[in-house]
There are 2 protein chains.
Amino acid sequence: MKPLSDYEQKHDRLADDCPVRAALDVIRGRWKPSILFELKSGRKRFSDIQSALPEVTAQALTVQLRQLEADGIVNRKVFAEVPQRVEYSLSKHGRALSNVMDALEKWGIEHQKKQAVTEGEAAEPV
Amino acid sequence: MKPLSDYEQKHDRLADDCPVRAALDVIRGRWKPSILFELKSGRKRFSDIQSALPEVTAQALTVQLRQLEADGIVNRKVFAEVPQRVEYSLSKHGRALSNVMDALEKWGIEHQKKQAVTEGEAAEPV
DNA sequence: CAGCATCCTACGCGATACTG
DNA sequence: CAGTATCGCGTAGGATGCTG
């Protein structure tokens, strides 16, 4: 049995029987969707990701990447070079997320389009 | 028109071209997945949802439901009776979320199962 | 280059008490 | 019954400065 981190334990209490929440917890971070998107096109260095996402501070990026790593979504490989090089890539689990991301994206597009037209169906029959 | 806080503006600016984040924002709340699950089986009263989810306080439940309503996910219908009755149901958009929820659930199950086996693929070729 | 340490604030959300 | 009002804490994540 794998020991849970503090972070995981707290979420776990509520995630209980709910794999949905478990999945959400994993992709929940502010920049994680963007990171996953970036890594879909292949391995990337830290600095590559950073310049692709200029609004993320290095600190935030580090944290998010480390959480993704802890969750088994990305692999982190350090090269003992000077200057240092670190590459991130999607793990198998990370790649398996593409279904989820696609569903989210698809719904997001639909939803944004139709958000203004949500009246007139206040109480449908069950 | 509702004025956005600095945070929301920033968030919005970033969500911009990202329907994925838009979708995530909608289902992100602590209890929203559970609520959506409850409403999948049809219209429910506030108290029904509450007893189905004993860990949620009335306050939290109200907030989450109101956010879902604001996002066009659920419909809220008030009956002018005594005692008062309020029923919630999924809107069309809410029902359209089932694909997303299914993908999340499926991945969640897979992920939980295999989380311990994520070694040995640290640096795959791009 | 790719971080870590520290400080700080906004937001989510729980607890509690009151109301039409 | 189905909320609202108020308080208070915990956490995510931004800003800044330092390092192997």
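Protein chains get the first letters and strands the later ones, always in sequence-line order, with residue 1 at the start of each.
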Closest listed nucleotide, where the reference is the side chain of [X] and the choices are [options]:
| X | options | answer |
| --- | --- | --- |
| B:Pro83 | D:dC1, D:dA2, C:dA2 | D:dC1 |
| B:Thr57 | C:dC1, C:dG14, D:dG3 | C:dG14 |
| A:Ala58 | D:dA2, C:dC1, C:dG3 | C:dG3 |
| A:Thr62 | D:dG14, C:dG14, C:dC4 | C:dC4 |

- Query: Would you call the rings of B:Tyr88 and B:Phe46 parallel, tilted or perpendicular, where under 30° means parallel and over 60° means perpendicular?
  - Reply: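 B:Tyr88 vs B:Phe46 ring planes: tilted.
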- Task: First locate atom NZ of A:Lys106, then atom CE of A:Met101, and finally report the distance between them rounded to the nearest 0.5 Å.
- Result: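 Spacing of NZ (A:Lys106) from CE (A:Met101) equals 16.0 Å.
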- Distance (rounded to the nearest 0.5 Å) between A:Leu53 CG and A:Ile35 CD1: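 Between atom CG of A:Leu53 and atom CD1 of A:Ile35 there are 7.0 Å.
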Take atom [atom1] of [X] and atom [atom2] of [N], then tell me their distance rounded to the nearest Å.
| X | N | atom1 | atom2 | value |
| --- | --- | --- | --- | --- |
| B:Ile49 | D:dG3 | CD1 | P | 9 Å |
| B:Glu87 | D:dG3 | CD | C1' | 16 Å |
| B:Arg28 | C:dC13 | CZ | C1' | 15 Å |
| A:Leu61 | D:dA15 | CG | C1' | 16 Å |
| B:Arg43 | D:dA2 | CZ | P | 14 Å |
| A:Glu81 | C:dA2 | CD | C1' | 13 Å |
| A:Gln64 | C:dA2 | CD | C1' | 16 Å |
| B:Trp31 | C:dC13 | CH2 | P | 9 Å |

- Message: Pick the closest DNA chain C nucleotide for A:Gln59 and for A:Leu65 by heavy atoms, then say which residue is nearer the 5' end.
- Response: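 Result: A:Leu65.
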- A:Gln84 vs A:Val63, nearer the 5' end of DNA chain C by closest nucleotide: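 Going by which nucleotide is closer to the 5' end, it is A:Gln84.
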- Checking side chain to side chain donor-acceptor pair (under 3.5 Å) against B:Ser41, which of B:Lys44, B:Arg43, B:Glu38 comes through?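 Result: among B:Lys44, B:Arg43, B:Glu38, B:Lys44 is the only option passing the side chain to side chain donor-acceptor pair (under 3.5 Å) with B:Ser41.
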- Task: Please determine if a side-chain N or O atom of B:Arg76 lies less than 4.0 Å away from the OP1 or OP2 oxygen of D:dG3.
- Result: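 B:Arg76 to D:dG3 OP1/OP2: side-chain N or O found under 4.0 Å.
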- Between C:dC1 and A:Arg45, is there an OP1 or OP2 to side-chain N/O distance shorter than 4.0 Å?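 False: A:Arg45 side-chain N/O out of range (4.0 Å or more) of C:dC1 OP1/OP2.
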- Task: Output, in order, the C-alpha distance, side-chain angles, deciding distance and verdict of side-chain contact (heavy atoms from CB on, under 4.5 Å) for A:Glu105 and A:Ile109.
- Result: CA-CA 6 Å; A:Glu105 184 179 19; A:Ile109 292 168; 4.0 Å; yes
